[in-house]
Protein chains: 2
Amino acid sequence: MEVLSERKKRILHAVVASHIKTADPVGSRTVARTYRMGLSSATIRNEMADLEEMGYLEQPHTSAGRIPSQKGYRYYVDHLMTSSKLSDEEELSISRSLSSEKMREIEQIIANAVKVLSAVTRQTSLIMGPQFQKSTFQQMRILPLDERRGLVVLITDSGFIKNKVIELNQSLSPPELQQVVSYLNHKLFGLSIDQVTTSLINELKRDLFRRLEILEQAFILLEESLREEQQARVYLGGTTNILSQPEFKSVDKIHRMLSLFEQESLLFEILEKGLSEEGIVVKIGTENEYEDIHECSLITATYKIKQRVLGTIGVLGPTRMDYRWIIAVLRCLVDQLNRTLS
Amino acid sequence: MEVLSERKKRILHAVVASHIKTADPVGSRTVARTYRMGLSSATIRNEMADLEEMGYLEQPHTSAGRIPSQKGYRYYVDHLMTSSKLSDEEELSISRSLSSEKMREIEQIIANAVKVLSAVTRQTSLIMGPQFQKSTFQQMRILPLDERRGLVVLITDSGFIKNKVIELNQSLSPPELQQVVSYLNHKLFGLSIDQVTTSLINELKRDLFRRLEILEQAFILLEESLREEQQARVYLGGTTNILSQPEFKSVDKIHRMLSLFEQESLLFEILEKGLSEEGIVVKIGTENEYEDIHECSLITATYKIKQRVLGTIGVLGPTRMDYRWIIAVLRCLVDQLNRTLS
DNA sequence: AGTTAGCACTCGTCTCCTATGAGTGCTAAC
DNA sequence: GTTAGCACTCATAGGAGACGAGTGCTAACT
């Protein structure tokens, strides 16, 4: 990456800032006037021509001003953008709406966080629900309901509770059941759900079959219930916010964007990319893998439960988005979220 | 309501059918030709002028054809539309996609049904999740997790399982807990969740307080968990389908529609209206209470679990929708759904 | 009396044209 | 290296005209 002169940096910064604000191409005159460069528009024009040649700016058409290219945004995010602090009111409003007393259940907290985030940023926001597989097994219980049915309850360290009614093909005496359950708890305790593989389950099954040949179905169902949520839910908020963005005024574009939002599995994949790297990740335009969001940027952050990274939360908006501010909001929200969840 | 001559009925029917198919205003010539009336366009023109005067048709502008008015659609739905049977393939495809083996959990069945419905009809569809309050209490268990925490499990006759971790401010001996639980089960069994009012809970609380002054927090939480889901979830599918409809090409209209979809509580109210009446309800245009869907029609049906009406499922589309066919699809789907859920 | 042919009329849509103005690139002077 | 000046470009808006689908009305026909 070439080195830009101080002046070029200032001009690029000005162009990005102005375009983020107004959504219009910005001309040399505007830069000269509004950003008090102490230079005439002609000089700025020359510099902007240079910047265009280097690929940081582009022109929608000959007689329009310049807009930042993807490379320009990247440079802005990496080198020009100063980090910003939210105002006290903003911070307060986030923490207040996040911590309404009743919010005990983890899923509710997540669902609420996405609402808050989209409301504050006025963009679309997404959260990947905490990943079941990354939590560790804590205990399992079987609650007999009647002669033929039982309720399997599975509890993980991060507070997940999953349950499933199972049918037993033979009635079980409480002590027998107790025995099975405590054996399983002993074997499984502390393992992450990821580690409860089919082969491990088969092994346990073999062990138990020797003693009681009953729980066949219970096992199948336990196994199923573990596999089934391989893919955590994705929560969406403010999906219609993109409709207010001037860059999305073609129905066709809107259609493609919104269709994407209906495909949870795709959203999941998109968010999953941010999971590997702790902290904030900014993906601009075509840096995103999916074609439908090549005109968008995605800012993601990871959140944790008890020090373990469990999910991703992100904001999706047009490439022309207020990176500085949104990153600040995201930082604040994740902080709060981490605290609430632990 | 006036009586229409046989001929007027045929013409109205033709106009509605043609407009549903093409979305364009339909002219006298089209009616004469495509529907083989054995009449000249001029005659039809006269009849159409009559129908317009009576309020069944309207003209977007002087030199355009006619489109059915809301009243026209109403007449069509009430008097002209014959009921239709789905083709075997259609029926098969619905029942197949609805009954994939693994679908044990009630919420998954519901979520899947809405997907199928929107995919088949290519409209937006909504389901009100089964109403917790309408089910009856079956049993409650408290599972001690450790010294200070317990898991409350609530099971209803329709297969709902709700659970919640509670903190006990004092440790409880298993027999004490057992005592409380069996007392509660005894008192609550068979009541619908609706009937478990705050005053009833208070009464129970008084009874128990005399014996053990412990479960204060457990009670608060039980109460909360009952109240909290007063309002069942609404599942949405195919929200972007309306974007393909030619009547929704203004971004503004789309925006208003989609914003509505983000407000779950409003959707709930809309669907709730259909709950009172068993069977299929068609609401056309302004017959819907909410202004944002005054250009839409909503067809709803109720579904049951074990003979009890528990929720509403519906299709939302432009007033110009294929009522006949969609009603047939909805009938078929609800049938399947009722069978699956019982 | 009901039906039909004929015709003038309306009005939305499409296309072409022009005026406008923002913003550029280039050149020459400072 | 910087700036003023000027010719040039091009998206956008508005207006004029052609087109055509479809109507309402009248007069003639059965």
Using the test side-chain contact (heavy atoms from CB on, under 4.5 Å), find all partners of B:A119 that sit at least two apart in sequence or belong to another chain.
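Listed in chain order: nothing, the list is empty.
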Sequence neighbours excluded, which residues qualify as side-chain contact (heavy atoms from CB on, under 4.5 Å) partners of B:E277?
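Only B:V281 meet the side-chain contact (heavy atoms from CB on, under 4.5 Å) criterion with B:E277.
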To the nearest angstrom, how far is [X] atom [atom1] from [N] atom [atom2]?
X	N	atom1	atom2	value
B:E58	D:dT23	CD	C1'	16 Å
B:L39	D:dT30	CG	C1'	15 Å
B:I44	C:dT4	CD1	P	9 Å
A:K249	D:dA11	NZ	C1'	12 Å
B:N46	C:dA1	CG	C1'	13 Å
B:L57	D:dG24	CG	P	11 Å
B:D50	C:dT3	CG	C1'	14 Å
B:M48	D:dC25	CE	C1'	16 Å

Tell me, for nucleotides 5-12 of chain C in 5' to 3' order, what letter each nucleotide earns: B for a base near a protein heavy atom under 4.0 Å, S for only sugar-phosphate near one, - for neither?
BB---BBS
Secondary-structure stems, DNA chain C, at least 3 Watson-Crick or G-U base pairs under 3.5 Å
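Consecutive-pair runs (3 or more) involving DNA chain C: C:1-30 with D:1-30.
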Atom pairs and distances, side-chain donor-acceptor, residues 59-68 of chain B, under 3.5 Å, sequence neighbours left out:
{"unit_1": "B:Q59", "atom_1": "NE2", "unit_2": "B:T62", "atom_2": "O", "d": "2.9"}
{"unit_1": "B:Q59", "atom_1": "NE2", "unit_2": "B:A64", "atom_2": "O", "d": "3.2"}
{"unit_1": "B:R66", "atom_1": "NE", "unit_2": "B:E52", "atom_2": "OE1", "d": "2.7"}
{"unit_1": "B:R66", "atom_1": "NH2", "unit_2": "B:E52", "atom_2": "OE1", "d": "2.9"}

What heavy-atom pair brings B:S259 and B:H255 nearest, and what distance separates the two atoms?
OG-O, 2.7 Å
So which heavy atom on B:R320 is nearest to which on B:I20, and how close?
NH1-O, 2.7 Å
Hey, could you give me the OG/CD distance between B:S244 and B:Q123, rounded to the nearest 0.5 Å?
9.0 Å
A:E289 and A:K283 ion-paired at < 4.0 Å
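So A:E289 does not pair with A:K283 through a salt bridge.
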In residues 8-36 of chain A, which ones come under 4.0 Å of DNA chain C, going by heavy atoms?
A:G27, A:S28
